[in-house]
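The structure under discussion appears below in the form of structure tokens.
All values below were derived from every heavy atom in this structure, side-chain atoms included, with hydrogens, water molecules and symmetry-related copies excluded.
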Amino acid sequence: ALVGGRIVFPVTIASAKTSTGGERAVQYGFWCDTSFNNNFTECVEACRTANNIAEGEPALCEVHEYLSKYGRYRHVFTSCMHCSDPSCMAVCPASAISKRDEDGIVTVDQDRCIGCKYCNIACPFGVPQYNSKGMVKCDGCISTGLKTGELPACVKAVGNGALHFGVIDDMIVESGGRAMQISGPSGPSYLLS
């Protein structure tokens with residue numbers, strides 16, 4: 001629904017479990033602030049560059065355009081939702097997808113990926129893409145050598161504060177409560193305001 005020119009989704013948060021069954025201390029994710037009229041093209045290009053994505057291969061993020069109730073076009077940046085209960089991980093027969101205990105980032109081991117595309121079918125957001133190496137998806141630039149807490153290339157590319165990456169709970173506080181976690185069957189760790 002649109003509320004005050006912002007897309008608002010009801011919040012449904014699945015419990016954030018670690019691989020050992022305990023509760024996760026923190027969950028990292030993205031926050032897209034649509035109050036900035038940003039088209040996020042610089043994010044997509046920064047992602048392509050940082051991850052060495054060739055022209056013609058699928059990007060690890062997307063930009064969606066919508067018309068607000070005020071007749072203005074707005075844009076929403078999306079990538080992997082780093083879900084609390086990743087559907088992609090649950091269906092992978094090769095155990096190529098995992099969720100990191102330290103930050104909740106969902107990663108893929110391309111050496112294990114068999115290219116069955118079950119993850120793409122299971123993901124409610126259509127995130128997993130395929131290239132010549134197998135399944136690819138956003139991992140917050142961890143595969144490029146970034147450490148937990150460092151900003152991925154897409155966020156660094158936006159200078160106006162329209163895109164954030166960090167601990168979900170901290171970003172909700174930082175937003176003054178404007179940022180809402182989107183709902184979904186897999187407990188997506190993605191905020192929108």
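The closest side-chain heavy-atom distance from P58 to Y130 is not below 4.5 Å. Within the 4.5 Å cutoff, side-chain heavy atoms of K137 are placed close to those of H82. The closest side-chain heavy-atom distance from S87 to P124 is below 4.5 Å. In this structure, V63 and C43 have side chains that are not in contact, with every pair of non-hydrogen atoms separated by 4.5 Å or more. Contact annotation: the side chain of S186 approaches that of F125 to within less than 4.5 Å [non-hydrogen atoms, C-beta and beyond]. Side chains of L192 and C32 form a contact here, defined as non-hydrogen atoms less than 4.5 Å apart.
Q110 contributes a side-chain N or O that, together with a main-chain N or O of M135, makes up a donor-acceptor pair within less than 3.5 Å. A donor-acceptor pair is defined here as one N or O able to donate and one able to accept, closer than 3.5 Å; such a pair exists between the side chain of N120 and the backbone of P128. Listed for the R48 side chain is a donor-acceptor partner under 3.5 Å among the backbone atoms of E57. In this structure, S84 contributes its side chain and G187 its backbone to a donor-acceptor pair below 3.5 Å. Judged by distance alone, with hydrogens and angles left aside, the side-chain atoms of E62 form no donor-acceptor pair with the main-chain N or O of T78 at under 3.5 Å. A donor-acceptor pair under 3.5 Å is formed between the side chain of R112 and the backbone N or O of A94.
T34 and H75 form no side-chain donor-acceptor contact under 3.5 Å, judged by distance and modelled atom types alone. In this structure, a donor-acceptor pair under 3.5 Å is absent between the side chains of S175 and W31. For the residue pair S98 and T107, a side-chain donor N or O sits within less than 3.5 Å of a side-chain acceptor on the partner.
The side-chain contact (heavy atoms from CB on, under 4.5 Å) test with M81 is passed by exactly one of C123, P86, P188: P188.
A salt bridge is defined here as a Lys NZ or Arg NE, NH1 or NH2 lying under 4.0 Å from an Asp or Glu carboxylate O, and D85 with K99 fails to meet this definition.
Residue pairs meeting the side chain to side chain donor-acceptor pair (under 3.5 Å) criterion with at least one partner in residues 140-150, sequence neighbours excluded, are R100-T148, D103-T148, D139-S143. Within the structure, side chain to side chain donor-acceptor pair (under 3.5 Å) pairs that include any residue of residues 152-166 comprise N38-N160 (at least two apart or interchain).
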Practice task
I would like to know whether V127 and S79 meet side-chain contact (heavy atoms from CB on, under 4.5 Å); could you show each step before the answer?
Solution key: CA-CA 7 Å; V127 168; S79 65; over 6 Å; no

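Residue F165 qualifies as enclosed at atom CZ: its count of foreign heavy atoms under 6.0 Å is above 12.
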